[in-house]
Chemist: 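So that we are looking at the same thing, I have put the structure below in structure tokens.
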There are 2 protein chains.
Amino acid sequence: MKICIIGSAGHTNYVLDGVRRDKDSKIVGIAAGIQGEGIDKLTEQIGELEEKPAVFDDYREMLEQLQPDVVAVASHFYQQASITLEVLKRGINVFVEKPVATNLSELASVKRFYQQSNLHLAAMFGIRYKPCFMTAWKLVQQGAVGKVRLMNAQKSYKLGSRPEFYKKRETYGGTIPWVGSHAVDWLHWFSGERFETVYAAHSNQYNQGHGELEISALLHFRLTNGAMGSVNIDYLRPDTAGSHGDDRIRVAGTEGVIEVCDERVFLINSKKKGVQEVSLENSEGIFLDFLSQVRGKGKCLVSAEDSFYITEVCLKARVAADENRIVML
Amino acid sequence: MKICIIGSAGHTNYVLDGVRRDKDSKIVGIAAGIQGEGIDKLTEQIGELEEKPAVFDDYREMLEQLQPDVVAVASHFYQQASITLEVLKRGINVFVEKPVATNLSELASVKRFYQQSNLHLAAMFGIRYKPCFMTAWKLVQQGAVGKVRLMNAQKSYKLGSRPEFYKKRETYGGTIPWVGSHAVDWLHWFSGERFETVYAAHSNQYNQGHGELEISALLHFRLTNGAMGSVNIDYLRPDTAGSHGDDRIRVAGTEGVIEVCDERVFLINSKKKGVQEVSLENSEGIFLDFLSQVRGKGKCLVSAEDSFYITEVCLKARVAADENRIVML
């Protein structure tokens, strides 16, 4: 299986990690997604590989010459949709950074083109596969907390110093789609419910010279069957914190409460007295799951439908925050 | 200082705890707030006192006969406002269960009457005085997290089997005012910001035969200066949990993040690497602070203004949830 990577701004490590554990796949080429996009991070990563992929100046040329089976797209976020379209048009499966697009019209184009194809597309909702999230999700699917009623999800990152394209809405897309989409995905994934309405707020105040980048955001969702969920997002995690991110979810249901925090899983239900810490299941990670579906060997846990749906919901949540209004979903 | 207690549905324990540690105050009388209100919980509590207070059938008669300095009001929630008015009209200081009223017109009456008096009134926002909350609050006031940007507060209770008056909105007032008001209070108290808008949802689905009682609720606030905050409320805490409630707050600011969880306080800021658990300060509790102000010896941390304001915000949040709309505050 021949794999190419376009861009170096997103989570290309998912691809590297997968390929390292998969004898039958190989990264054959890499290229920037747009002129001027530095791909140092990527060349550094592939430096560790035994067989070095070819490096192209123009990703279209790479696609034509190498005819890969799979392309990972991880360029500057506002380029995701147009690059994805180019890849799909050539009949190639796409593993694309979330959000799939930074505006609704481009999302619609990608979706339309995808639906006419027989290809696989998945957004990089790789946090689903972290042992803590996967373990908690499986427990919820097995009924460990009964019917899901109330969810609270968190994304908290260190800000550090972000590249220039993060500083403009036009090139960055916003913190709700970029950081928040993971957590929005969890709400849908854990509960199995669909979103009915979203209300939101975000703020770029005190963002330490990061232009339009929103440093804090808060989302409120009504979901089907009377379920509800919040997502709080920030870049306020101090540099002194022990890790880059502080991802969490709390899911309260009719039969119990489960939480992911500090990469651990905690459950309270009728089965045992007090809080039980659950031992974690390993997972193969998102990229191998993606390749399985491409090989016709299974269904990837992240579907194209979910990838589009969560992107759409995040873009509408951004509207809710921008315009201070409830948006129907 | 002569104290009377009216009703047995609320947190009369605040009063008992305070009086036990204050030689110069004494509970002289107790009475139900309305006909048919059982006051067994209260008579049990006062059974532990050395000098037994008189028990009255009619609280008005008690007020006339005993002429107390302070009355604690803790009857069925829909009676709070009218009883409070009766007490204020007799020139007596009021320590009243939150919310101060279960509808806006009664709240306005109490407020109007209070403003014409020289009395002290405070709602039972006693959780402020828990060592964990008090310690975290003081740290935030000292600038431990810089400017407050994003807050997430939680109230989670065991449902158990609630009295009949909880099962009707008319007599209960709703879960947002009854349970949520504490957490709404924390958002204002910690940040010093005022609420600008509220959006909310609540649901009585799966409430185990509790009629109209909402078992889950979720609030979204925009506050002044671009701050924002959520409150999630539920009665979904399993019976097997180690405590009745799971109160939490997370406050993320420009210089750090502080959290109250499991009655403990955790701080991350530039002062130290990693999460530091903060040692807790003791506090005298809300009722002694209330008595201090009545005695002219200080200002109670819970002001009448805050008591009214938080009640108003909660009643408007209830409207937001009922009518699925943003309410301006």
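Within every chain, numbering begins at 1; the chains are lettered A, B, ... in the order of the sequence lines, protein sequences first and strands thereafter. In this text, all values refer to a predicted model and were calculated from it rather than measured experimentally.
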Chemist: Measuring heavy-atom distances to chain A, does B:Ala217 have an atom under 4.5 Å in its side chain, in its backbone, in both, or in neither?
Modeler: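 Answer is backbone: N, CA, C or O of B:Ala217 sit under 4.5 Å from chain A.
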Chemist: Would you please classify the geometry between the B:Phe195 ring and the B:His188 ring as parallel, tilted or perpendicular, with 30° and 60° separating the classes?
Modeler: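 Ring orientation, 0 to 90° scale: tilted.
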Chemist: On the six-membered ring of A:Tyr309, is A:Arg194 placed so that its NZ or CZ lies under 6.0 angstrom from the centre and within 45° of the ring axis?
Modeler: yes
Chemist: Under a 4.5 Å cutoff for heavy-atom pairs, which residue among B:Tyr235, B:Phe221, B:Tyr206 has the most contacts with chain A?
Modeler: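 Of the options given, most contacts go to B:Tyr206.
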Chemist: Can you spot which of A:Asn152, A:Leu150, A:Val260, A:Val148 makes a side chain to side chain contact (heavy atoms under 4.5 Å, CB included) with A:Val251?
Modeler: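 When A:Asn152, A:Leu150, A:Val260, A:Val148 are each tested with A:Val251, the side chain to side chain contact (heavy atoms under 4.5 Å, CB included) holds only for A:Val148.
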Chemist: Using every non-hydrogen atom in the two residues, find where A:Cys261 and A:Phe266 come nearest and quote the distance to one decimal.
Modeler: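 It is O-CE1, 3.9 Å.
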Chemist: Are B:Glu259 and B:Ile249 close enough that some pair of their side-chain heavy atoms sits under 4.5 Å apart?
Modeler: no
Chemist: Looking at chain A, which one of B:Gly229, B:Ala200, B:Gly242 has the largest number of heavy-atom pairs inside 4.5 Å, strictly under?
Modeler: B:Ala200
Chemist: Non-hydrogen atoms of chain A under 4.5 Å away: do they reach the side chain of B:Thr197, the backbone, both or neither?
Modeler: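 Just the side chain, heavy atoms under 4.5 Å.
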Chemist: Considering only heavy atoms, which portion of B:Asn269 lies under 4.5 Å from any heavy atom of chain A: side chain, backbone, both, or neither?
Modeler: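 Contact with chain A involves the backbone of B:Asn269 alone.
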Chemist: Among B:Ser203, B:Ala201, B:Ser243, single out the residue with the greatest number of heavy-atom pairs under 4.5 Å to chain A.
Modeler: B:Ala201
Chemist: Non-hydrogen atoms of chain A under 4.5 Å away: do they reach the side chain of B:Asn324, the backbone, both or neither?
Modeler: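 Both parts, heavy atoms under 4.5 Å.
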Chemist: Got A:Val231 and A:Ile233 here, is their nearest side-chain heavy-atom distance under 4.5 Å?
Modeler: yes
Chemist: Got more than 12 heavy atoms from elsewhere within 6.0 Å of NZ, B:Lys168?
Modeler: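 Count not over threshold, so no.
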Chemist: Have a look at A:Tyr166 and tell me which of A:Tyr157, A:Tyr172, A:Tyr78 forms a ring-ring contact (aromatic ring centres under 6.0 Å, His included) with it.
Modeler: A:Tyr172
Chemist: Taking every heavy-atom pair that is under 4.5 Å apart, which of A:Val145, A:Asn225, A:Asn207 has the most such pairs with chain B?
Modeler: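 Highest number of pairs under 4.5 Å: A:Asn225.
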Chemist: Can you tell me which portion of B:Leu159 sits under 4.5 Å from chain A's heavy atoms? Options are side chain, backbone, both or neither.
Modeler: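 Neither part, no heavy atoms under 4.5 Å.
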Chemist: So which of B:Arg222, B:Arg149, B:Gln205 has the largest heavy-atom pair count under 4.5 angstrom toward chain A?
Modeler: B:Arg222
Chemist: Please classify the contact between B:Ile215 and chain A as side chain, backbone, both or neither, with a heavy-atom cut-off of under 4.5 Å.
Modeler: neither
Chemist: Evaluate whether atom CD of B:Glu170 has more than 12 neighbouring non-hydrogen atoms of other residues, nucleotides or ligands under 6.0 angstrom away.
Modeler: no
Chemist: Evaluate the side-chain proximity of B:Phe190 to B:Phe133: yes if any heavy-atom separation is below 4.5 Å, no if none is.
Modeler: yes
Chemist: For chain A, which candidate among B:Asn204, B:Leu236, B:Thr254, B:Leu218 shows the most heavy-atom pairs at distances under 4.5 Å?
Modeler: B:Leu218
Chemist: Taking every heavy-atom pair that is under 4.5 Å apart, which of B:Arg250, B:Arg325, B:Glu255, B:His202 has the most such pairs with chain A?
Modeler: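 It is B:Arg250.
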Chemist: Relative to chain A, which segment of B:Val257 carries a heavy atom at a distance below 4.5 Å: side chain, backbone, both, or neither?
Modeler: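 When you check distances to chain A, atoms from both the backbone and side chain of B:Val257 fall under 4.5 Å.
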Chemist: Of the backbone (N, CA, C, O) and the side chain (C-beta and beyond), which part of B:Lys147 lies under 4.5 Å from a heavy atom of chain A, both, or neither?
Modeler: side chain
